[in-house]
Amino acid sequence: MRALKLLIAAMLVMVLSGCWDNIDINHRVLPVVMGVSKHDGNYLIYLQIPEQVQNSTQIKIVKGTGSTINHAVDLISANLEDRVDLLHIKVIVLDKKYAEEGLEDTISDFMRGRDVSPKTLVTICDEDMDAFFSSVRKKMGPKGTTLYDFFEKNAGWNPQIALTRVWEVYRSIHSYTRDVAIPIIRSGDTTVVQHVGSAVIKEGRMVSQISSEETLLFNAFQRESTQGKIEVMNHASVLVIGNSLAVHTRMDGGNPVLRSKLKLKVVIMETKDHPTSDMIMKELNESLTHQFNQMFAKLQESEADILGIGQYFRRQIPRSELKEWRTTFYPKLKLELQVQTIIENTGFLELK
Amino acid sequence: MDSLIQEIKDSLGNNDDFFLQQYTIGEARLLLMGFISLIDLTKSKEALYDNMHNWKLEANTVTSMMDAAGEVIDLDLEKAIMLLMDGKLILFFERECRFVVAEPVPSLLNRAIESPTNENVLQGAISSFIEDIDTNLGMVRKQVVSRHIKVKNLLAGSSHKKKLSVIYDDSKADIKLVTKMIKQLESSSDHEINNLQHVTRALGLSAWSSVPKFNTTELPAEAAAALGKGRVILFVDRMPFALILPNLIWDMFTLENDRNFPLPLMISIRVLRVIGVLTTLIAPGLYVALVAVNPEVLRIELALTIAQSREGVPYPAIVEMIFMLIILELIIEASTRLPKSIGPTITMVGGIILGQAVVTAKLVSNLLIIILAATTISNSTVVGFQNSLAIRLFKYVIVIMSAMYGVLGLLAGLVLICAYFSSLNTFGISYLNINMKKGEARNG
Amino acid sequence: MDKSLHVIFMYGLTQLGFIFFFYSGDIIASTSEGHWLAIIIGLVLNGAMVWLYMKGLGYFPQQDIISIYTGLGKGAAVLFLLPLIFFLFITNIITIRAFSEAITLIFLANTPLWAIMALIIIISGYIALNGVESIFRTGVLLAILFLPVILFTICISFQNVDFRYFFPIMDEKLTFLTKPPYWHSFSAFAGSFLFLGFIQPYVAYRPRIVMITVAALVPFYFISVYVPLFTFGQSTASTFKFPFIVLMSTIHINWLMFDRITMFLLLCLVTFTMLFISMVLWKLSQVLHRCLPKVKSSYFVIVIAAVNFIGCLFITNWDEIQSLIMWNTMLRFYVLVGIPCSIWLIGIRSRRMIKDEGA
């Protein structure tokens, strides 16, 4: 009797397991990078697919158009021999023009569906997508994940690259007090990609652009580690080995005021014309402060709070007014940044 | 009384190893009966002779002689045959018409006490149980010198008689459990007991339970430790191991021998075994789940490598997995069947040649081979072969569930196994009890 | 024999699933600021009710609530138990259905819904068939296996928090009290502690330990609501159906060999929920068994499971689940407040009657 029951159960399992289509991993196409651009209301999708050909990886770029992203992917999928699976997309490259139009729908769709992970990195491409992807394919080595490694923190990431993921962009669309910066890349002359700065995204729309150096300051302000960045000045170049930020906020009669102190620990790498350490510190402080103020002026003008300064004022401003942070308070914000440099050591040589 | 002799002769006489000899000591004339295959007759006679001659010849000499020879009893056919079968020598004093059951010198049918064959001991006592139940009892007695150790002998079987011994520590064991067990054994004394399935049935336990109801050990030290923990030991004659009742889940991970190592080492060894069991259960299922249903859980680098290694494999992951698992089971089964001298050949053929060829032939992915190796190796970390068999079976449940539901199926399979474990109990003691104090368990 | 450990694991595990799946979403949807107040009001109510319930049960040692109610007479028993039966039934259907929906959303897009529901029901049914002690033991085993995973994922969930989202602190108007999502949030409490009244004849436990468990669960309620808030901010978090699950999918760990940790948290919670469902099945079978003592209670488990499954099949979409949850609100509050209070009152009454008889 029991044996019969077991047999029936086993048969049932056998029948059921063939019931729905689970596709094995080798029958799925696993694109790593997806490019999205928009032409005449139609989405143009690029997929960068690593393909294993006899122990080496080759990159395949496929392209498709459709009225929605999923439609385009579906069309690509229909034309490929395996099913396209967006589950492993690591980097999304957005067309700059498209980013300027506004990303809200796309990003929301990514968050809605389960396919694209909210952890996926977002970048903006500064040139024509066709050109970008064909150049990437030519230059990319026998490794499927190059473009992804460029951003990976334990691989090719540099402190002047803003790291932004889909969920952060989504948050910036909805949040009252927070915007994001998205790295801008283009194909490099000798390298696969070249980092040209960061796009300032306000509520899902690209409104301005900051340079690589400014992005470094942005990262420092986000308390991201800026370790490893080399700062070049007139008299010396230094290696940043640590950074910290102290912030003090206050409301000055309806005007928000933020005082912050950025501490940088540096090591001297090269010197020119025998500077003293005081000179180097002063020069560094001045140049960074100047750079930061310039960037902040630009940001304030575009009303995009990528530094997340509004966050500091959540305590002072009630929620109902916080809604107008970007338009009412942010333009009036006074930001005083003080850069303090500490020269940790001067290498094996003494500074004179 | 001669009629009884005749009856015995009738029923046993057609056995060529049965003897019925006339023998005279002094004035007593006796008939000796027994099995030549069980009794060393020459030595027995010598002993008998010595025994009787040392006796002071007094009045009524034959009676004292009878007392000296053994136990004087009244016999019927049934009992006589049983005693003979048991290897006893029966003396029939013709003049007095009395039967005496003597303890003869048995012919040597037992092996010597050796080191265990199915269990390995590192740093510990290595003598193991043998087939003879009395020797085994003696070994336990020697191991635990305590007046609390109680032994209860039982006889089971209607046509094939089998000796059983129940041993327990009356200061530690749950007496209710012991009496329940003995009562159960007595009530099913007409069951034949030739193997462990029979024992299970005689104990009134479900024969369908995949987890063995008793833990077996060959080592007196383990058996003694079990007694100390309040377990009951059952010996079956002709079985060279002790059956420890009830079997609890923690027995899968612990050996008393572990305690011969320092405490941190003991803990790490046991943790290792737990990891082993989990790996055995999870690894094959996880592979199937990740490859077939939920590849998004894999990191991209891994996903690409796996996709590459599976390129050209013509069937789904579940088939691939089950196919290789079964081949592996066949290898294990084959190497147990074969004599020790040919065993290594199978290992080589199976492990090296087949493993390599099957990958080059693109019948399975090479990651799968790694998974299988990990599974098989970790399966062997379990204490007790019977436990490792159970675990080996359960992993199929998880593999099949994973093929259907991916990672969800994997965990659901684990839940199912947990639920199954928790539904098991032996004489009201749950399989999941951590330790058996008097009464019931503290936790688990 | 004391089995407090089993009981507290059971109590804790069955709540965790609800906390991280539904509670965080409900609370975030019900108010836009001062969530802690909403949480605390719920927790205090829950704590008080559990305390009352156990106080009431303390008057009836070795009795379950079915016999307590039937002790009042047939009419009273029907009056009290009928809503309970309905509540348990609907809760079971909602739980099964909602969790399977979440599972398809998050990682089994190709698997048909009925198959997932069937899996959940079959496994819960199997656990329930083995009897109450087996349910408890399974709970302990699952806790040992999966709680470390849950605790680990909870620890790493703090990866992207920004504590400044804690402000603004207060919602002066207490608007959340009138919002339906807030009522729904009580489903995390209701139903979880009911089993304490069913197990008395089978499993002994110390009431004090249960209260400690109630206290120990408090951080989880806060974590489930506040970590998504700290990460996304209120205005973003309120757009998610399952804020905590989305939160988990934003966690990025370099050194782990797996990519989507969400899945592990979620699946562990699903296993705990299976435990919850099996408990409900067992409770239902107990009540029905008392009504029709001739039928074996294991048959009831099978029948109830089948009916639940069919019930789940009739729900076509998420909105229907929502409306079902809505209808269940009345019953939920009856179970959450009515049953503990009534047990307590009956307890006091019986105590007085015994005293009177003694005097």
Side-chain angles (χ1 to χ4, degrees), chain A residues 9 12-13 16-17 19-23 83 85-88 90 107-108 111-121 151-155 157 163 165-178 222-223 247 249 308-323, chain C residues 31-34 102-116 118-119 122 126 159-160 162-173 228-243 245-255 259-263 266:
Chain A
L12 215 65
V13 164
L16 278 180
S17 57
C19 238
W20 43 91
D21 54 338
N22 289 325
I23 297 178
R83 194 181 69 177
D85 212 341
L86 296 183
L87 296 165
H88 276 290
K90 292 289 165 196
I107 296 293
S108 300
M111 289 300 286
R112 175 176 298 126
R114 70 169 205 126
D115 288 0
V116 176
S117 159
K119 282 184 291 187
T120 313
L121 292 165
F151 298 100
E152 185 63 14
K153 261 214 169 139
N154 53 4
W157 182 77
L163 258 190
R165 301 172 187 284
V166 168
W167 67 269
E168 285 170 311
V169 182
Y170 182 74
R171 180 175 67 180
S172 96
I173 294 172
H174 290 274
S175 179
Y176 300 158
T177 51
R178 189 145 216 187
Q222 297 293 305
R223 296 192 166 89
V247 172
T249 58
I309 295 168
Q311 291 290 72
Y312 295 104
F313 289 94
R314 289 188 85 93
R315 205 188 311 213
Q316 278 99 338
I317 304 174
R319 193 174 165 78
S320 48
E321 294 173 41
L322 211 57
K323 233 175 240 176
Chain C
T31 174
S32 61
E33 46 198 340
I103 289 167
T104 41
L105 272 181
I106 296 161
F107 53 83
L108 283 176
N110 293 334
T111 315
L113 203 57
W114 62 263
I116 295 171
L119 177 79
I122 287 172
Y126 175 70
Q159 196 186 42
N160 293 314
D162 181 346
F163 290 106
R164 287 168 302 214
Y165 276 119
F166 186 64
F167 303 102
I169 299 181
M170 264 308 281
D171 174 19
E172 278 110 10
K173 294 175 217 113
L229 275 186
F230 286 165
T231 310
F232 298 114
Q234 163 66 31
S235 39
T236 315
S238 60
T239 60
F240 299 132
K241 210 181 273 176
F242 307 111
I245 305 298
V246 179
L247 164 81
M248 289 311 300
S249 59
T250 66
I251 303 298
H252 182 77
I253 300 182
N254 277 330
W255 48 267
D259 211 23
R260 300 201 176 190
I261 314 141
T262 333
M263 191 163 264
L266 183 88

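Convention: sequence-line order gives letters A, B, ...; per-chain numbering from 1. Values below: all heavy atoms of this structure, side chains included; hydrogens, waters and symmetry mates excluded.
- Atom OG1 of C/Thr250 sits about 9.0 Å away from atom CZ of A/Arg171, to the nearest 0.5 Å.
- If you measure heavy-atom distances from A/Leu87 to chain C, the contacts under 4.5 Å come from both the backbone and the side chain.
- Of all the heavy atoms in C/Thr236 and A/Ser175, the pair that sits closest is OG1-N, 3.9 Å.
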Side chain to side chain contact (heavy atoms under 4.5 Å, CB included) for C/Thr239 and A/Met111? Distances and angles first, verdict last. CA-CA 10 Å; C/Thr239 60; A/Met111 289 300 286; over 6 Å; no
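- A/Phe313 does not touch chain C: none of its heavy atoms, backbone or side chain, sits under 4.5 Å away.
- Heavy atoms closer than 4.5 Å to chain C are found nowhere in A/Arg112, neither backbone nor side chain.
- Considering OG1 of C/Thr231 and CH2 of A/Trp167, their distance stands at 6.0 Å, rounded to 0.5 Å.
- Closest approach of A/Lys119 to C/Ser249, counting heavy atoms only: CG-O, 3.1 Å.
- C/Ser235 contributes a side-chain N or O that, together with a main-chain N or O of A/His174, makes up a donor-acceptor pair within less than 3.5 Å.
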